[in-house]
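In what follows, chains carry the letters A, B, and so on, assigned in the order in which the sequence lines appear, proteins first and then strands, with residues in each chain numbered from 1.
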2 protein chains.
Amino acid sequence: MNRTPVSLAARQGTLREHNLALVARAVFESPAPRSRADLSVVTGLTRATVSVLVDQLVDAEILRELPPLAPQRAGRPAVPLTPAARSIVGLGLEVNVDYLGGRVVDLTGAVVAERVTPGDFHASDPADVLARLGTLARDLLAEVDAQGMRVAGARLALPGLVDARAGRLQVAPNLGWSELDPVPLLGLDPGLRFDVANEAKLAGLAQSALAHGGPPVPSDPAPGAPPLPDDGARPGPSSYLYVSGDVGIGSAIVIDRQLFLGRHGWSGEIGHVVVDPHGPRCPCGATGCLEQYAGKDALLRAAGLGVDAQVADLVAALDAGDARATAAAARAGSALGSALADFMNLVDIDTVLLGGIYPDLLPYLRAPLLTGLRTRVLAAPWAEFEVSAALVGSYAAMTGGARLVLRDVLAHPADWVTPV
Amino acid sequence: MNRTPVSLAARQGTLREHNLALVARAVFESPAPRSRADLSVVTGLTRATVSVLVDQLVDAEILRELPPLAPQRAGRPAVPLTPAARSIVGLGLEVNVDYLGGRVVDLTGAVVAERVTPGDFHASDPADVLARLGTLARDLLAEVDAQGMRVAGARLALPGLVDARAGRLQVAPNLGWSELDPVPLLGLDPGLRFDVANEAKLAGLAQSALAHGGPPVPSDPAPGAPPLPDDGARPGPSSYLYVSGDVGIGSAIVIDRQLFLGRHGWSGEIGHVVVDPHGPRCPCGATGCLEQYAGKDALLRAAGLGVDAQVADLVAALDAGDARATAAAARAGSALGSALADFMNLVDIDTVLLGGIYPDLLPYLRAPLLTGLRTRVLAAPWAEFEVSAALVGSYAAMTGGARLVLRDVLAHPADWVTPV
DNA sequence: CGCATAAGTTCATCCGTACAACAAATATGC
DNA sequence: GCATATTTGTTGTACGGATGAACTTATGCG
């Protein structure tokens, strides 16, 4: 999922690439704009060197100079530098059970273009659906191209087991797809850098900011809205587990703002962790998987609601104090607690962000969930775990995919700087 | 656990450090000695640069030149380069329930000094025990110092929950220790770089070679034995889970030969993963933990043997076809399968190496274990998992600790090269 | 208006690698 | 036995990139 260097040998150019990335990251990380002199202090490079590097980054439209603001103290006023808006952008595409769409995000984290089509893609034809998504993507690309933006690459999010290295989908049960090489079916320009990843993993990454320590993602940015002002808001945690709850339950392990994919990209399949081997049978072939307690369908059924019911109906029943609904939520919460405890024991992560259907249900899940963690996590007396609702809004996987593309740009700005 | 760089800025010296490490690693990785010309091809550096770097590494006694061997083809004969034996060494110390001791390992991976004292440290006094270990360590250090070797640092392995960053032991149930800052109690020279880690994690690392791709560890090297000849043996897997089974069950997650510690160093606590919530109560406070099925005491008890019995007795009973023993092993195997399946679903690892008491029991555990994996791992149809016995011999944690020290040397050889 | 102050730029220097030519040590062909 | 081909390792020059000090630019303050 990352660019591979041509050689491991470090030559002079490697220095420049490294420091270019260092300076760029320093600007992106900072909540407030920084001057060249600031950057010199922060990075440890001399002002002279920083000047050269910044000029190149401004040339490449990765950074932009702002008009100097009214100086407060003596001395030549500083030129503030910020990430450039609407210059280099990333494309995030997604096919999910009830919609498909794409988002274009720029280096400030703003959504500059978006197209989403609702639909029912349960047991759909991959070639057909991906061709539709391809058309939608071409429209998006034409739109941003007309505005002079350059597209750095694209990510496709799919709700299934994706081999991230090979770019193949192994199986997406809810779509009814399997053994698929999805990118060619989009019919896009093969020159565009394209990667495929699991939906939950990209959504989990949307939770994290673009750069390490950077500004947090707006909860649900309206397309075309101006980039939100930098208010120096607290950045989210840098290491966490993002859990995406729907019919299935997936998750993303994020450590130091880096996605932990595992050998193939199949990490985080928390939906099939053992909760009770004597529990109900799961379509995966095993019994008592977490999904059978805390998955959307399982929850609604246990609450005595039809499968056609929405999560809102469940919330209403819970608010009304319905006994079956309350029992179902308690069962789900305690199952989640058990599965998350396994996770914490194995991976030593103390922050869990719940996304998908869970934020609305969290008030009813929290108590049994925390009880499960306290009794099962070995390090519980010393760890301070936090379980909270994820901040990401809808279509998080698209945002996360686009952001991942831009993160590559930020990690290798030299690719965008004119070699002269 | 790693050296922190003074600044993130890359300057000229950073290049040299990087390439120095690159060249050193290339030599250590190779099963056969390499010449400067070889290294130039492998690393992508020019022969001129490689020459300069190699000279510095030979000066620092990290590499050594061998006498040129009988040339096979035309041209000036190459000078073979290998890791230097008995020059820079690492110290690994360990306190466990029934022994304490230390090992000194050199850059070739050979054990150059060792002292182990058996004992019963169940419910022991930490100050007392650690003072004894400190004396033992001083003897070892004096011994290798007399032979002109330089000690790069030390690691202390403890069978408990260790906060690797803070160097603190939270709790070691089987020793009866808790809330402890163990390093000062050793009473060693504070100038010696010292870190503390969990026993299973260091033992898991002993499984891996010193450098990525390097020669595998000898099964149980005799102290003082000459370094084994490089036979080009297949290096072990680079990503795996090492499971250390005893009364408790711990594990080490190794990814690309790097130990994955988690936020505090508390990853891999597989012994307390849920196997069956209705199962027996565990001292940890929860119910149905893996340890209650596959831990040593639980296994022996289920097999109808006394707790004083040895694993050898269980193996004998199994070989004799004893019904209770067979049932206990089947139960343990299937519990291990369930817990390891959770692990694979969460972390996407496909190789498991079983250490501690498991290698002897493996023939009886394997079938139910693999059945558990096949039914519970979501990616089972596409992953080829391997479950095998760990190769490491006794006192693996000491070896692993010493090796970890040397790995730091190899990662930062510039620290050992004369700055002129 | 002159001085203090801070930001940004210019230029000589240093350091480490690249490139090319050369020296060293061996095999082979006649 | 000697010239030639071949490969290893070394030497010297060129080049790219960071450094540090001096310099220029733009402001506040007395």
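- At a threshold of 4.0 angstrom between heavy atoms, the contacts of Arg47(B) include nucleobase atoms, whether or not backbone atoms are also involved.
- In the 5' to 3' direction, nucleotides of DNA chain D lying under 4.0 Å from heavy atoms of chain A begin and end at dG16(D) to dG28(D).
- The salt bridge (Lys or Arg N to Asp or Glu O under 4.0 Å) contacts involving residues 72-85 of chain A comprise nothing, where partners must be two or more places apart or lie in separate chains.
- Between Asp106(B) and Arg403(B) there is no salt bridge, since none of the side-chain N atoms of the basic residue sits less than 4.0 Å from a carboxylate O of the acidic one.
- The ring pair (Phe, Tyr, Trp, His ring centres under 6.0 Å) test applied to His264(A) returns Trp266(A), not counting sequence neighbours.
- With sequence neighbours excluded, the residues satisfying ring pair (Phe, Tyr, Trp, His ring centres under 6.0 Å) with Phe260(B) are Phe260(A).
- Remark on DNA chain D: of its neighbouring residues Thr49(A) and Arg76(A), the 5'-side contact belongs to Thr49(A), judged by nearest-heavy-atom nucleotide.
- For Ala60(A), the side chain to side chain contact (heavy atoms under 4.5 Å, CB included) partners at least two apart in sequence or on another chain are Ile62(A), Trp416(A), Val417(A).
- In this structure, Ala37(A) reaches the sugar-phosphate backbone alone: every heavy-atom distance under 4.0 Å involves primed, P, OP1 or OP2 atoms, never a base.
- Taking the side-chain hydrogen bond (donor to acceptor under 3.5 Å, both in side chains) definition, one finds that Arg64(B) meets it with nothing, sequence neighbours left out.
- Nucleic acid contact for Ser35(A): sugar-phosphate only, since backbone atoms but no base atoms lie under 4.0 Å from a heavy atom of the residue.
- Using a 4.0 Å heavy-atom cutoff across all strands shown, Val79(B) reaches sugar-phosphate atoms only and no base atom.
- Nucleotides of DNA chain C that come within less than 4.0 Å of any heavy atom of chain B span, from the 5' end to the 3' end, dC15(C) to dA27(C).
- Map Gln12(A) and Arg73(A) each onto its nearest nucleotide of DNA chain C; the residue landing nearer the 5' end is Arg73(A).
- For Val50(A), the side chain to side chain contact (heavy atoms under 4.5 Å, CB included) test picks out Arg36(A), Leu39(A), Ser40(A), Thr43(A), Leu45(A), Val54(A), with sequence neighbours left out.
- Scanning for side chain to side chain contact (heavy atoms under 4.5 Å, CB included) contacts around Ala37(A) gives Ser35(A), Arg47(A), with sequence neighbours left out.
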